[in-house]
Amino acid sequence: MSEDQILLKVEFGGGLELLFSNEKKHALTLPARVPADNSTSPAPSEKETKPLDIAYLIHWLRDHRLKERAELFMENDTVRPGILVLINDTDWELEGEGGYEIKDRDEIVFISTLHGG
Amino acid sequence: MSEDQILLKVEFGGGLELLFSNEKKHALTLPARVPADNSTSPAPSEKETKPLDIAYLIHWLRDHRLKERAELFMENDTVRPGILVLINDTDWELEGEGGYEIKDRDEIVFISTLHGG
Amino acid sequence: MTDASLNHLDDYSRYGRQMILDGFGLPGQVALQNASVVVVGAGGLGCPALQYLAASGIGRIGIVDHDVVELSNLQRQILHTEERVGMYKAESVAQALKALNSRLTIDAHTCALTSSNAPTLIAPYTVILDCTDNAPTRYLLSDTAVALGKPLVSGAAQKFDGQLCVYNLNNEGPCYRCIFPKPPTPENAGTCEETGILGAVTGVIGTLQAVEAIKIIAGLHDNKPSLLIYSALSVPPFRSIKLRSRRATCPACGQEGTRQGSIQETDYVAFCGGSRPDWEKLGM
Amino acid sequence: MTDASLNHLDDYSRYGRQMILDGFGLPGQVALQNASVVVVGAGGLGCPALQYLAASGIGRIGIVDHDVVELSNLQRQILHTEERVGMYKAESVAQALKALNSRLTIDAHTCALTSSNAPTLIAPYTVILDCTDNAPTRYLLSDTAVALGKPLVSGAAQKFDGQLCVYNLNNEGPCYRCIFPKPPTPENAGTCEETGILGAVTGVIGTLQAVEAIKIIAGLHDNKPSLLIYSALSVPPFRSIKLRSRRATCPACGQEGTRQGSIQETDYVAFCGGSRPDWEKLGM
Ligand SMILES: [Zn+2]
Ligand SMILES: [Zn+2]
């Protein structure tokens with residue numbers, strides 16, 4: 001893996017996978033530095049950048065992996081209510097939420113809370 | 001951790017913990033090179049050595065952690081029948097069994113097969 | 001009869017298999033005997049949970065469910081029978097539990113849980129099990145658990161997936177609102193009817209809910225907040241998640257001064273047919 | 001009636017909740033209807049497994065258990081009742097399952113599984129569930145599964161711990177002897193009676209056995225050999241282990257030429273009261 005790329009695993013659960021081609025597990029390679037404004041189209045070189053973080057990942061997944069109904073995944077620039085983000089099996093709130101800087105081989109899980117019984 | 005020491009986690013399950021002070025989880029620090037004959041008393045420096053492996057660990061656990069009835073843990077220089085050894089959540093047979101060389105932060109689990117129902 | 005003994009001589013042999021367990025023993029069994037659990041929902045999760053709670057020797061069990069048994073329930077709601085189709089689920093389940101353990105005290109409530117009756121219905125019990133099938137009741141139960149200071153063992157299941165979490169554990173752990181501050185819109189909260197469910201998946205989660213309740217009552221719980229995720233078709237099928245502590249700003253369990261916002265009436269009023277309980281007026 | 005439909009019209013609504021599942025559908029339900037499962041042991045593991053198998057719509061279930069219901073069983077063997085204490089477990093369970101699903105065909109065998117009757121008792125079924133409580137029968141069942149070419153869904157539980165594994169999956173996966181080549185001495189193989197068991201722990205494992213059987217029958221299993229370890233008091237409570245493939249040298253499932261040694265008569269003869277089945281003579 002080159003130094004300016006980060007390899008990560010993304011997993012969807014609780015029904016969210018339906019929005020992502022019905023695939024639960026995704027292996028991704030993303031740049032280590034990304035546009036600070038979370039825009040995911042090829043960045044002009046003068047744009048301000050930041051390290052790859054969860055906030056960017058959320059935008060990237062919406063723009064490049066989501067197959068339908070973006071409102072079921074995102075709301076107000078973050079994941080919609082009822083979705084829990086897990087960073088290496090830990091609640092993202094303990095890791096800095098959207099600002100968590102993704103490290104090589106991190107495993108990020110998005111699960112939707114279930115209500116059925 | 002110094003280079004000649006290896007830090008590992010050992011866990012016992014399925015009732016085996018009863019032989020080890022009823023503690024399921026043990027954090028150990030062992031030398032990276034150990035006597036080739038699996039003797040665990042302080043080694044005279046002229047002894048032949050090998051990298052720390054599972055075979056040595058089994059002997060070391062018997063000599064230094066086992067509290068009672070060694071025959072319930074070892075038989076014929078290895079674990080007794082009915083005990084499964086897991087190296088980082090993989091059956092030890094896939095990893096070379098007793099000859100597997102332990103790496104820093106490996107997690108080794110010894111579980112006894114259960115028969116109850 | 002003191003607190004330190006079982007009420008009936010043959011209980012010692014009946015529960016002997018668990019009384020010889022390390023760390024459980026007679027004190028664990030006496031704790032179960034003196035404990036009470038309320039299970040909200042006598043469906044896919046409630047049936048297995050109730051059955052193992054009743055078998056374990058818990059003294060008193062409350063059941064809250066206003067539905068009646070339908071044929072399509074029997075694929076997973078294993079305490080009901082074909083003969084009892086049409087009967088209130090709470091009563092059908094009470095009948096099954098009585099046959100398994102005649103000494104169990106059972107309170108069968110055939111009313112819906114609403115924001116007006118929740119406090120009084122739930123107050124008499126030590127531990128609450130959330131075995132419901134909809135988001136509004138989940139928020140109502142969590143708010144009730146916080147207000148009454150009781151642990152809430154929450155299970156959920158859909159399709160091949162399940163989730164298990166204990167909220168408000170020891171009055172220190174996070175509540176449902178700490179983890180999911182904002183309820184999803186009704187469109188995003190499917191029920192079994194719409195989304196399908198493999199019956200045995202509810203069995204796995206419901207049985208695990210019984211395990212958690214028994215651990216809490218017997219003092220065997222480690223009190224660390226975690227979420228268990230189950231996916232019957234995934235490898236590995238189970239994943240344990242370390243959860244945040246309470247949010248100081250949580251409108252339900254946050255402390256006065258740091259708490260932000262209020263529990264919105266609309267969270268469950270539209271579904272549950274009542275307004276938010278007036279906890280102060282009820283003296284809680 | 002063709003293979004591609006359900007036998008009764010109301011089965012479509014009865015099993016609708018699982019038939020709308022992705023990857024399950026009508027073909028999955030028809031596969032269950034046409035499948036048969038034999039559950040050996042109607043105790044702590046057998047009860048929950050049987051109950052979810054029966055609820056799911058499996059066509060035929062065999063039960064093998066020669067014990068009678070005792071009061072001390074009711075702490076975990078949740079298909080029996082106080083009234084049925086003294087009845088054969090296989091018959092008590094049959095009664096419970098019939099009430100849940102009257103269309104189920106049930107074969108209740110009240111004899112012990114021995115090396116002489118195992119091949120004929122087990123042969124008629126698609127999937128075998130090992131819900132027994134002793135090592136010799138576990139070896140006998142594994143050898144029988146290999147000889148008959150059937151998957152063996154094996155559960156075990158003791159104290160707060162449980163284990164789950166599918167052996168001989170697809171006639172490619174390892175058998176019990178591949179993992180545990182040599183039986184433990186009888187002294188090292190405790191039973192529930194001696195070591196204690198938390199009832200709901202058998203419930204978790206038994207229900208997971210039903211899930212595995214249903215996955216195999218509906219074609220949803222990934223066919224990779226793994227062992228699930230459960231420990232109710234540990235964090236995390238579940239651990240999945242990647243298992244070896246078949247041992248070429250396994251005396252039970254190894255291929256002719258590489259196979260080493262033979263299944264020792266003494267493995268189960270002393271306990272099961274019979275000698276090793278003569279597979280060749282039986283034409284298997
Ligand atoms: Zn809260
Ligand atoms: Zn084999």
Side-chain angles (χ1 to χ4, degrees), chain A residues 8-27 54 58 62 66-100 106-117, chain C residues 40-46 49 76-77 130-138 154-159 161-163 165 174 176 178-185 187-197 201-202 205-206 225-227 229-231 233-234 239-245 247:
Chain A
L8 68 155
K9 281 199 255 177
V10 170
E11 194 170 326
F12 299 101
L16 274 184
E17 65 275 14
L18 290 177
L19 307 176
F20 294 88
S21 323
N22 211 4
E23 291 288 334
K24 289 201 163 197
K25 299 187 184 194
H26 299 247
I54 298 284
I58 292 170
R62 180 196 61 186
L66 196 69
K67 293 296 173 191
E68 44 183 324
R69 302 181 66 195
E71 74 279 10
L72 292 183
F73 181 59
M74 277 187 78
E75 189 179 308
N76 299 328
D77 245 32
T78 184
V79 290
R80 75 152 166 79
I83 294 179
L84 191 60
V85 185
L86 311 170
I87 299 167
N88 302 323
D89 286 342
T90 298
D91 185 349
W92 72 331
E93 215 214 31
L94 296 170
E95 302 285 349
E97 301 201 331
Y100 172 84
D106 273 353
E107 190 180 25
I108 317 293
V109 178
F110 296 85
I111 56 156
S112 181
T113 176
L114 302 178
H115 302 109
Chain C
V40 184
L45 299 167
R76 67 191 183 285
Q77 302 183 18
D130 184 344
C131 298
T132 64
D133 62 359
N134 65 85
T137 313
R138 291 180 181 277
S154 173
Q158 228 160 273
K159 299 190 179 180
D161 293 349
Q163 294 171 357
C165 188
Y176 192 59
C178 290
I179 314 291
F180 301 107
K182 219 177 127 184
T185 55
E187 311 84 271
N188 296 344
T191 65
C192 287
E193 189 141 358
E194 297 146 14
T195 58
I197 177 74
V201 167
T202 62
I205 299 296
S226 69
L227 170 69
I229 305 178
Y230 171 52
S231 187
L233 302 187
S234 289
R239 194 189 270 272
S240 287
I241 308 303
K242 194 185 164 199
L243 284 185
R244 68 192 76 176
S245 320
R247 281 196 304 128

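The structure presented is a predicted model; accordingly, all values stated were derived computationally and were not measured. Here is the naming used below: chain letters follow the sequence lines, and residue numbers restart at 1 for every chain.
Counting heavy-atom pairs closer than 4.5 Å to chain A, the top residue among C:Lys159, C:Gln77, C:Lys242 is C:Lys242. With respect to chain C, the highest number of heavy-atom pairs below 4.5 Å among A:Asp89, A:Asn88, A:Leu86 belongs to A:Asp89.
Neither the backbone nor the side chain of A:Ile87 comes within less than 4.5 Å of any heavy atom of chain C. In this structure, no portion of C:Ser154 lies under 4.5 Å from any heavy atom of chain A. Both the backbone and the side chain of A:Leu84 have a heavy atom closer than 4.5 Å to some heavy atom of chain C. With a threshold of 4.5 angstrom between heavy atoms, C:Tyr176 approaches chain A through side-chain atoms but not through N, CA, C or O.
Taking every heavy atom of both residues into account, A:Leu114 and C:Asp161 meet most closely at CD1-O, 3.6 Å.
Just one of C:Val201, C:Thr202, C:Leu45 meets the side-chain contact (heavy atoms from CB on, under 4.5 Å) condition when paired with C:Arg76; it is C:Thr202. A side-chain contact (heavy atoms from CB on, under 4.5 Å) with A:Leu16 is found for one member of A:Ile83, A:Val109, A:Leu72, A:Ile111 and no other, namely A:Ile83.
With sequence neighbours excluded, the residues forming a side chain to side chain contact (heavy atoms under 4.5 Å, CB included) with C:Lys182 are A:Glu75, A:Pro81, listed by chain and number.
For the atom pair CG of C:Leu227 and CZ of C:Arg239, the computed distance is 11.0 Å after rounding to the nearest 0.5 Å.
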